[in-house]
Amino acid sequence: MEEVVLLIVGAGPAGLATAACLSQFSIPYVIVERENCSASLWRNRTYDRLKLHLAREFCELPHMPYPADTPTYIPKNTFIKYVDDYIECFTIHPRYLTVVESSTYDFNGKYWSIMARDMAKCTIVNYRAKFLVVASGENSVENIPVVPGLENFSGVAIHSSCYKSGIDYSGRNVLVIGSGNSGMEITYDLASHGANTSIVIRSPIHVMTKELIRLGMTLVHYLPLKMIDGLLLMMANFVFGDLSRHGITRPENGPLVLKSETGRSAVIDVGTIGLIKNDKIKVHGRITKIKGKIIEFEGGKEASFDAIVFATGYKSTANSWLKVMDKKLALPKKQLPVLCQKIRRCRSLADW
């Protein structure tokens, strides 16, 4: 049993930021990570053309600004380099290939009992921690929905985490399922590399430019969300026009209210909408069944595809090992982004 004051699970940006904040006040901690590297989502499961969709001032980790020559919208390799520099700056030493398998809270002793597996040594490690920070994120396991006939699809079917570039799909018929930021950008990348590209858009979405989102996130310090949403929607109408005839409808709530209440983000357009308007990308509704390479959509339309890319997001694995018997011990999702701010205000763990 290893006694620790605070255990951080996950060495992505949130876990690393928590570690850096703790180190500022000499608060001891241990950070464990199931993969063999930090920020594994960025290193191993992102496409080549990815850039941060938010301006750099909204994506800075605590206590270390970006270099002055960093672009406003940061390419993934630049961000990974920033993460590596961050680890070095704050002397963070994640214990890689350490998978947490269970955690329970002892109400009498007031400590967490955590069991982890060291994959490199094939041994079990037991921790006892006064505090537990779950920074494993919501993007742990690929989510592929159940689609009738998918098991018989005779083409290539991959999750977006395996997609790197459209260069290998030139001249092929490719369907992207999912219309979030990853799905829309992968669709654009495929079409730009000469693939015959289609996308499934099943739900209403907000489409914005990166400049509009930057404006909205700046104004939240001064104006109510509904007022900002009204401004953003008016400007989006001017930029994109009515997209309903192209199969794209809007949610009832504005983009910032929707994000605040549900966590759903607006889609930041990288050029996909223009290609949809010019009929270079086809939009389909919900899939009803797959028959070999033939995919049938709502309304009876059918088309043949050589490949499917599932841009359908991820699922968290925390619920499989985090055993919380008291709701007061659970950390709501909305509190995670402000965790590091709270630590920065503390001078010791007693301040919590």
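Keep in mind that the numbers below use all heavy atoms, side chains included, and drop hydrogens, waters and symmetry copies.
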Review point. Is the count of non-hydrogen atoms from other residues, nucleotides or ligands lying under 6.0 Å from K280 atom NZ greater than 12?
Key: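 Not buried by this count: 12 neighbours or fewer within 6.0 Å.
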
Review point. So among V100, T104, N126, which one has a side chain to side chain contact (heavy atoms under 4.5 Å, CB included) with I114?
Key: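 The single option meeting the side chain to side chain contact (heavy atoms under 4.5 Å, CB included) with I114 is V100.
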
Exercise for review: Considering non-hydrogen atoms only, spot the tightest contact between F305 and I295 and give its length.
Suggested key: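 It is CD1-CD1, 3.7 Å.
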
Review point. Does a sphere of radius 6.0 Å around CG in L223 hold more than 12 heavy atoms from other residues, nucleotides or ligands, not counting ones at 6.0 Å or beyond?
Key: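 Above 12, so yes.
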
List the atom pairs, donor and acceptor, that lie under 3.5 Å between side-chain atoms in residues 197-204 and the rest of the protein, sequence neighbours left out.
unit_1, atom_1, unit_2, atom_2, d
T197, OG1, A191, N, 3.3
T197, OG1, A195, O, 3.1

Review point. Would you find more than 12 non-hydrogen atoms of other residues, nucleotides or ligands less than 6.0 Å from E252 atom CD?
Key: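 Incorrect, the count does not exceed 12.
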
Review point. Are the side chain of H284 and the backbone N or O of E298 linked by a donor-acceptor pair below 3.5 Å?
Key: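 No.
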
Check your understanding: Does I92 offer a backbone N or O that forms a donor-acceptor pair with the side chain of Y86 under 3.5 Å?
Key ->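 No; judged by distance alone, with no hydrogens or angles, the pair does not exist.
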
Review point. Within a radius of less than 6.0 Å around NZ of K293, do more than 12 heavy atoms belonging to other residues, nucleotides or ligands occur?
Key: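 Yes, because the 6.0 Å sphere around NZ of K293 holds more than 12 heavy atoms from other groups.
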
Exercise for review: Would you name the heavy atoms of K51 and P75 that are closest together and state the gap between them?
Suggested key: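 Heavy atoms only, the tightest pair is CG-CA, 3.8 Å.
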
Check your understanding: Is it true that a side-chain atom of R56 and a backbone atom of Y66 form a donor plus acceptor pair closer than 3.5 Å?
Key ->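 Not confirmed, R56 side chain does not pair with Y66 backbone.
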
Check your understanding: Only one of R34, E35, R117, M119 forms a side chain to side chain contact (heavy atoms under 4.5 Å, CB included) with L97, so which one is it?
Key ->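 Option passing the side chain to side chain contact (heavy atoms under 4.5 Å, CB included) with L97: M119.
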
Practice item. Start with the C-alpha gap between D229 and K259, add the side-chain angles, then the distance that decides, and say whether salt bridge (charged side-chain N to carboxylate O under 4.0 Å, His left out) holds. Key: CA-CA 11 Å; D229 276 345; K259 176 68 175 178; over 6 Å; no

**Study point:** Straight-line distance of I276 CD1 to K282 NZ, nearest 0.5 Å
**Key:**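 So the gap between those two atoms works out to 11.5 Å.
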
